[in-house]
2 protein chains.
Amino acid sequence: MTLNIIDIAKLAGVSKSTVSRYLNNGYVGAESREKIKKVIDETGFMPQSYAKSLRTGKTNLIGVIVPKISTETAPRVVQGITEVLSENNYDVLIANTNLSVEKEFEYLNIFKNNQVDGVIFMGTKITPKHKKIMDKLNVPIVVVAQYMDNYPCVYHDDFNAAKYMTEYLIGKGHKNIGFIGVYEEDRSVGLERENGYIAALKENNIEMDIENLKVGDFSYESGYKLANELINKKNTPTAIFAVTDNLAIAAIDCLKDKGLNIPKDVAVVSIGDTRISEVVSPKLTTIHYHYKTSGRKSAEIMLELLKSSIKTSKTIKKNIKLSYILIERNSA
Amino acid sequence: MTLNIIDIAKLAGVSKSTVSRYLNNGYVGAESREKIKKVIDETGFMPQSYAKSLRTGKTNLIGVIVPKISTETAPRVVQGITEVLSENNYDVLIANTNLSVEKEFEYLNIFKNNQVDGVIFMGTKITPKHKKIMDKLNVPIVVVAQYMDNYPCVYHDDFNAAKYMTEYLIGKGHKNIGFIGVYEEDRSVGLERENGYIAALKENNIEMDIENLKVGDFSYESGYKLANELINKKNTPTAIFAVTDNLAIAAIDCLKDKGLNIPKDVAVVSIGDTRISEVVSPKLTTIHYHYKTSGRKSAEIMLELLKSSIKTSKTIKKNIKLSYILIERNSA
DNA sequence: TTGTAAGCGTTATCAC
DNA sequence: GTGATAACGCTTACAA
């Protein structure tokens with residue numbers, strides 16, 4: 001019922017190889033070309049991609065594993081990925097793991113040997129088991145939004161962004177700076193940003209008050225609670241650096257609830273530049289990351305790997321560290 | 001180099017048909033089963049999906065066409081879709097059209113006869129050309145976030161949501177209500193919401209001031225400009241209903257710039273319940289839509305269609321109109 | 001420049 | 001319960 005290449009060949013009065021050639025390389029005589037074109041235009045024929053894949057071993061599909069699609073950052077990365085991939089005739093297979101590490105393993109395994117020509121992995125953390133599975137994959141992998149040894153990756157410069165932001169605060173005269181972070185298992189947001197904060201203090205010869213360093217999770221509640229601890233300690237900080245906009249919003253709410261003025265009494269800054277950061281009052285001074293660009297870059301690396309017909313990207317140490325922009329608004 | 005079913009068969013000392021049966025229905029004797037299981041566990045073998053597709057004519061892939069993945073609503077819908085589909089062993093092929101209608105046509109055509117077992121279409125508007133292409137598709141289609149004749153669809157009750165919100169304002173004593181809308185080509189946000197507003201006034205015997213009805217586009221700038229027009233007209237409205245949170249935020253900013261108090265001088269409400277609506281000051285009274293649910297529902301309908309092995313969903317008039325919740329906050 | 005034929009890895013039919 | 005074997009629709013040597 002649905003046409004195949006043989007039907008087209010018959011209708012055009014040529015052999016199926018000629019039609020195939022027309023569809024691909026295009027080593028076809030003028031009149032055959034004409035006849036085939038006509039038939040294809042009339043019928044709207046499109047070759048079945050899986051039959052083609054079976055023969056060629058390529059699927060023209062790139063698997064993209066995302067931790068959770070319904071966030072603000074993941075879609076931006078995916079946006080970048082789809083933009084460059086679709087320009088290059090690749091389609092994107094989305095695997096939404098919903099923050100389940102098990103699902104990450106599962107999808108990596110599904111993509112193994114199979115189904116896709118390459119995998120772009122956007123995870124929250126990378127464990128030894130991740131590495132083990134990835135090492136067995138025989139399609140190229142690119143890691144995005146996360147640093148990883150031995151694999152090509154594109155990520156954001158969390159350490160320096162946090163350091164820079166802390167120095168910005170120091171430059172404004174703050175010496176007593178509270179920090180609201182998250183657990184260190186999250187390398188980018190947890191570990192790197194905390195290290196950046198610590199490094200800035202150290203380099204500026206500011207002794208760190210250990211009470212100023214608070215760590216929780218990503219929730220609004222955590223941000224509020226930690227901000228509260230910060231202002232109730234003996235030396236209330238004059239500035240608070242929260243590692244995400246969401247945590248900063250929570251801190252702002254907490255400060256407001258206590259009757260504190262921002263930024264006069266306490267300055268608040270963060271990293272993210274999400275939509276809410278420009279709507280909250282006062283508008284948040286924050287750091288912008290180039291998420292869409294990271295998506296684009298990771299796709300570009302993938303295309304390169306694909307072109308060089310590399311079967312695995314293990315030990316390819318190409319990695320791109322993207323920079324950041326400080327967005328100065330009214331909260332500091 | 002990468003194993004196939006024949007290799008597994010040899011290793012297990014059975015025929016490939018037996019291995020295939022093991023992989024599928026499972027009509028296999030105990031000892032064969034045991035041997036095969038062992039080999040597969042050791043090798044981590046997974047059958048190539050495209051070879052399977054070639055034979056069975058099924059891909060276990062659902063194409064999802066989204067207007068733009070880097071927004072707040074689309075990912076929520078996709079979230080719902082991926083949740084139910086992945087539970088049912090389907091993968092999702094994302095086609096991000098970036099608001100290009102041409103791309104929508106292109107992807108619909110790519111999906112034609114091909115590549116996917118079904119298409120979930122999330123478009124902004126549906127033209128006759130859309131219909132024409134869809135009619136030719138021979139896989140089932142489900143339309144999400146948009147009403148469409150003759151195709152199964154799940155959408156949000158824009159008309160009644162807007163009517164309800166307007167009535168809420170009326171209930172608060174407002175009679176002079178400004179409206180900030182968008183062009184009617186967007187059926188859901190433009191046409192339906194405007195009609196809901198008009199219907200509420202009519203039913204409550206409030207004569208509509210045509211100057212109160214402003215229409216622009218989705219941009220912040222448009223919202224600001226129209227709000228400005230509204231407060232500069234002779235009878236400044238006591239309330240403004242903007243059709244999206246973003247437009248409402250713009251209106252709020254405009255009112256604040258003019259020194260007006262919200263909600264005392266002018267109330268502001270909208271539809272969306274996006275993240276910014278709970279962060280802006282005052283917090284926005286708005287309407288929540290069940291986007292994730294609409295994604296889930298559309299996926300469920302798709303699964304049903306797939307099960308009934310229907311080749312096209314044309315003329316299947318199943319449609320689901322989802323309800324809404326008024327979120328009462330501080331702006332009205 | 002074109003056609004013939006083999007083969008990609010699976011499932012389904014049928015006979016044993 | 002199991003194993004040959006044909007078939008799915010395409011690409012690609014190779015021959016003509």
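Chain letters run A, B, ... following the sequence lines, proteins first and then strands; every chain starts at 1.
A salt bridge links A:D41 and A:K37; the closest N-O separation between the charged side-chain nitrogens and carboxylate oxygens is under 4.0 Å. For the pair B:K35 and B:E31, the salt-bridge criterion is not met [side-chain N within less than 4.0 Å of a carboxylate O].
The rotation axes computed at either terminus of the helix from C:dT1-D:dA16 to C:dC16-D:dG1 lie 30° apart, taking five pairs at each end and rounding to 10 degrees.
Scored by the side-chain hydrogen bond (donor to acceptor under 3.5 Å, both in side chains) test, A:Q79 finds A:E83, B:S70, B:N96, B:N98 as partners (sequence neighbours excluded).
For the pair A:K10 NZ and C:dG3 C1', the computed distance is 15 Å after rounding to whole Å. Atom CD1 in A:I8 sits roughly 18 Å away from atom C1' in C:dT2 (whole-Å rounding).
One side chain, A:S15 or A:T18, offers a donor N or O that lies under 3.5 Å from an acceptor on the other. Between A:Y22 and A:N24, the side chains place no donor N or O within less than 3.5 Å of an acceptor N or O (distance only, hydrogens not considered).
If you check every strand for non-hydrogen atoms under 4.0 Å, B:S49 touches nothing. Residue contacts for A:S53: at a heavy-atom cut-off of 4.0 Å it reaches no nucleic acid atom on any strand shown.
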Under a 4.0 Å heavy-atom criterion, the protein footprint on nucleotides 7-16 of chain D, written with B, S and -, is BBBBBB----
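Aromatic ring pairs are classed by plane angle as parallel below 30°, tilted from 30° to 60° and perpendicular above 60°; the pair B:Y155 and B:Y147 is perpendicular.
With a 6.0 Å radius and a threshold of 12 heavy atoms from other residues, nucleotides or ligands, A:K58 has its NZ atom above the threshold.
Here the closest non-hydrogen pair linking A:Q115 and B:S49 is NE2-OG, 3.4 Å.
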